[in-house]
Amino acid sequence: MEYNFKEIEKKWQTYWAEHKVYAAKVDESKPKYYVLDMFPYPSGAGLHVGHPLGYIASDIFSRYKRLQGFNVLHPMGYDSFGLPAEQYAIQTGQHPAVTTEKNIARYRSQLDRIGFSYDWDREIRTCDPDYYKWTQWAFIKMFNCYYDYDIDKASPIENLISKFEAGGTKGVNAASSSDLEFTAEEWKSYTEGQKSAILMDYRIAYQGETSVNWCPALGTVLANDEVKEGISVRGGFPVEQKKMTQWQLRVSAYAERLLAGLDNLDWTDSLKDMQRNWIGKSQGAEMHFKAVCDGQEHDMLIFTTRADTVFGVTFMVLAPESPWTDILTSKAQKEAVEEYKNVVKKKTERERIAETRKVTGVFSGSYATNPLTGKEVPIYVSEYVLSTYGTGAIMAVPAHDSRDYAFAKAFNLPIIPLIEGCDVSESSFDAKDGIMCNSGFLNGLPVKKAITAAIDYVESKGIGRRKVNYRLRDAIFSRQRYWGEPFPMYFKDGIACPLPDDKLPLTLPEIDEYKPTETGEPPLARAKDWTYGGYPLEKSTMPGFAGSSAYYLRYMDPRNSEALVSKEANAYWQDVDLYIGGTEHATGHLIYSRFWNKFLYDLGYVCKDEPFRKLINQGMIQGRSNFVYRIVGTNTFVSFGLKDNYKTTEIHVDVNIVYNDRLDIEAFKAWMPDYHNAEFILEDGEYICGWAIEKMSKSMFNVVNPDLVCDTYGADTLRLYEMFLGPLEQSKPWDTKGIDGVNRFLKRLWRMFYDKDNCLVTDGEPTAAELKSLHKLIGKVCSDIENFSFNTSVSAFMIAVNELYDLKCSKAAILEPLLILLSPFAPHITEELYHTALGREGSISGAKLPEYIEAYTIEDNCTYAVSFNGKTRFTVDLPKSLGKEEVEARVRALEQTAKYTDGLTIIKVIVVPGKIVNIVVK
RNA sequence: GCCCGGAUGGCGGAAUUGGUAGACGCGCUGGUCUCAAACACCAGUAUUGAAAGAUGUACCGGUUCGAUCCCGGUUCCGGGCACCA
């Protein structure tokens with residue numbers, strides 16, 4: 001019998017599906033284990049060989065955990081709302097639901113071929129109304145809550161209303177968009193409209209005006225993590241800043257908890273660092289400065305982390321968009337400031353980035369008084385101060401801040417050094433290090449102590465207070481698009497109201513065109529009768545991250561129509577034990593999910609504060625591109641080794657017509673009409689291609705389709721090879737030619753069971769050598785899997801099978817544990833051999849993981865190399881059972897009889913068991 | 001500019017984290033089988049040298065009997081953030 005992978009793989013995939021082998025059910029008798037993949041966006045291009053890498057890893061781990069006796073939840077679904085389907089719809093008029101459906105079918109068939117152990121009964125799709133009902137439900141909950149810092153969690157908005165009714169804003173310690181103050185009487189005197197406007201500033205899901213990333217080409221706003229270097233991540237279009245009223249989520253209220261929660265997570269440090277930087281906590285102080293404009297006195301508030309440098313303030317700076325700027329611009333400077341503001345406003349985000357460090361600014365015409373020195377300093381307006389961070393105003397200390405320094409140099413402002421011995425003639429001294437000088441009562445203190453002393457002083461004089469700032473901003477939650485979740489909100493006389501729960505889901509209406517309207521309204525404005533009870537419904541939709549923020553909860557109880565997840569299901573599955581996915585979600589999905597989960601936790605809907613206990617980031621699989629070299633101005637192609645003799649252009653060639661860097665010339669001629677009459681300059685009768693490692697993409701003709709690999713080598717080979725390529729978390733290139741090695745391994749495994757038509761499996765007692773091979777393997781593979789070092793596991797399998805093959809071992813007592821151990825990696829072939837060759841019943845996934853017995857792998861004797869000062873002089877075999885002291889004693893004795901002393905005396909014997917003995921001599 | 005990761009044969013990568021560097025696989029070379037090819041199998045394969053040996057983990061230095069591993073500095077590559085006061 002031959003290893004017929006096609007038949008075997010089809011047979012077992014059918015068996016698993018028919019017997020629902022991987023269906024997960026709540027089972028209190030077993031410990032649970034939840035393994036989750038980041039669900040894919042089903043794009044039109046289908047999967048390439050890089051996509052399943054993480055899925056294979058998580059599948060191996062899931063299968064391994066099942067063998068260990070865990071009740072494993074391993075679900076899959078689709079993140080199926082999103083821009084590409086909509087862009088396609090705009091171009092073709094096809095409904096996004098239709099293309100999405102088609103793409104999902106393609107993804108499913110590709111995934112199925114690889115043999116994953118998903119529980120497909122739990123599949124979810126974010127665009128399914130039964131699913132997005134719960135996205136809308138959560139949004140309404142957020143709308144109906146505010147964040148109370150006193151209890152440090154979300155709380156129903158009614159509680160806030162009661163507080164306002166009882167005592168106004170006094171004693172209210174809540175996250176809000178503005179710092180309003182009013183009394184209970186004032187509150188009661190407000191109209192409904194005024195009240196709802198005030199409450200809006202406190203809600204966790206709220207509508208508010210902010211400066212947003214507006215992408216004109218996409219016709220929508222984007223969140224910060226959807227923009228990189230002034231360009232939209234999806235599509236690559238320029239993005240500009242624009243003031244707009246948008247739905248937002250008050251993620252910033254959770255900044256401290258999102259930061260603190262990281263400490264207890266089993267994530268990589270680099271990913272935690274990314275989130276920490278994104279949250280951007282900085283501790284400092286707010287300080288009041290008296291400002292005078294045209295004789296009028298105002299109060300100005302700044303934020304600083306360097307309160308110690310207040311004696312070196314030589315000017316102040318306001319953000320152009322800051323409300324202070326209008327108040328503190330003098331009549332004389334009005335025109336200049338307005339002009340400056342206009343120039344800044346017109347710049348796109350991209351220009352701002354390109355011109356970073358180019359100093360611009362304008363004098364406001366007013367002056368501020370330093371509260372500590374009483375000195376007057378000028379107030380400037382400059383774009384290097386951001387309105388969105390801190391108070392939008394700073395005190396400038398050019399001697400100790402490089403940005404202030406550049407500004408001072410450009411505007412010829414004084415620079416006062418405050419640290420003993422520092423040189424500020426060429427650049428500022430930014431380090432928080434040294435002894436203070438020129439700083440009144442702070443003189444003589446080291447910087448770090450001076451910071452505390454300065455803040456203490458400021459607090460005691462009532463000039464300011466300690467303050468923590470976060471860079472994390474609220475998430476802008478509206479998108480002016482069609483293919484997303486509709487907001488379950490309507491506007492009654494201009495006041496935003498949520499739909500009642502029994503009206504959920506609010507499904508997407510049909511429209512005949514997916515573009516924005518001529519008047520610039522979102523596509524939903526095209527819908528007929530987009531109203532509720534006669535009131536207009538919200539016309540924008542939710543962003544991509546809405547649907548992915550709580551999907552891991554829905555998998556626990558995917559068909560529940562009463563709740564996002566039942567209390568029972570949530571209590572059993574709890575949280576995700578292992579989450580595998582790419583780093584690209586570090587500051588997007590992984591922040592939003594944590595926020596969303598914490599919110600639901602505050603309200604008691606989920607039992608865990610953090611959703612993802614352990615996180616692994618798989619690396620990218622890069623493509624290996626091949627090139628041909630066309631001699632300029634001809635249709636002649638010269639082989640790689642000879643190309644330097646000619647003037648050539650490098651052209652990407654489809655890697656599927658190149659074998660081992662050798663071009664299939666006939667296939668090349670047929671590839672594109674242009675090359676039909678191509679001529680070639682060969683070396684040794686062959687055309688050798690150049691190569692490079694690049695991103696896997698269609699345009700570089702280096703895409704390898706997993707279907708093709710499954711056709712030629714089988715899914716088990718694909719799975720093993722993807723793992724064998726290198727460490728899971730590292731980026732590495734795909735190179736199809738190496739795949740023969742793992743394929744050979746499987747064929748050899750097969751031959752251990754079958755020779756032609758004979759089954760070779762026998763009973764019989766295993767020998768010591770066979771047991772040693774097996775148990776070395778068990779020990780290695782189990783510890784590798786726990787460490788996600790799957791590449792070395794595959795090597796270990798190859799070594800063990802080679803050893804056993806050489807020993808001609810066909811004993812069931814050895815082969816059965818071997819198969820079970822290998823089954824997570826290569827489920828089809830092991831399943832087949834388990835049944836037909838070993839005659840076992842049921843699926844191998846129900847088997848028990850073989851136990852590792854160390855005693856089998858210990859060597860009787862062990863060779864020590866004895867060396868003097870690093871030079872090996874002789875080797876000696878000693879029983880492994882000897883203790884360290886005894887080895888030392890025997891070595892000393894040997895050394896004496898061997899007369900290797902050369903007149904030297906031993907000062908130290910270093911024994912490393914099983915390794916080497918070093919004798920240090922003098 | 002700041003914060004993280006890296007750097008080992010022709011290639012992907014191992015090395016029990018201070019103890020024989022280069023496991024395993026690819027590729028290459030030679031051989032067996034074959035009319036031939038494919039498959040399979042066997043042997044070799046860091047550099048240098050006829051050999052003994054010498055040299056080798058990006059570079060410079062340090063600690064140590066001993067360093068791919070620890071410490072200091074440099075270069076290059078990858079990722080993240082970027083006027084965050």
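Not measured: the values here are computed from a predicted model. We use all heavy atoms of the structure for the numbers below, so side chains are in, but hydrogens, waters and symmetry mates are not. Here is how names work: the chains are called A, B, and so on, in the same order as the sequence lines, proteins then strands, and each is numbered from 1.
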Return the value, rounded to whole Å, for the distance between atom CD1 of Ile799(A) and atom P of C24(B).
-> 6 Å
Side-chain contact check for Ser270(A): nearest option of G80(B), C24(B), C4(B) is C4(B)
Can you tell me the pairing partner of A54(B) across any strand shown, Watson-Crick or G-U wobble, with both distances under 3.5 angstrom?
-> U47(B)
Report the distance from atom CD of Glu321(A) to atom P of C83(B), rounded to the nearest whole Å.
-> 13 Å
Give a yes/no on whether any side-chain N or O of Arg624(A) is located under 4.0 angstrom from OP1 or OP2 of C11(B).
-> no
Residue-phosphate contact under 4.0 Å: Arg276(A) side-chain N/O, C4(B) OP1/OP2 | no
Between A23(B), C3(B), G27(B), which one does the side chain of Asn277(A) approach most closely?
-> C3(B)
Length of the line joining Lys732(A):NZ and G13(B):P, which is rounded to integer Å | 8 Å
Can you figure out which of C41(B), C3(B), C24(B) approaches the side chain of Asp273(A) most closely?
-> C3(B)
Ile394(A) near the nucleic acid: base, sugar-phosphate alone, or nothing, with a heavy-atom cut-off under 4.0 Å?
-> base
Of the nucleotides A23(B), A85(B), G27(B), which one has an atom closest to the side chain of Arg744(A)?
-> G27(B)
Specify the residue among Tyr805(A) and Thr305(A) whose closest nucleotide of RNA chain B lies further upstream toward the 5′ end.
-> Tyr805(A)
Between Gln730(A) and G6(B), is there a side-chain N or O to OP1/OP2 distance below 4.0 Å?
-> no
Base, sugar-phosphate, or nothing: which does Asn469(A) touch, judged by heavy atoms less than 4.0 Å apart?
-> nothing
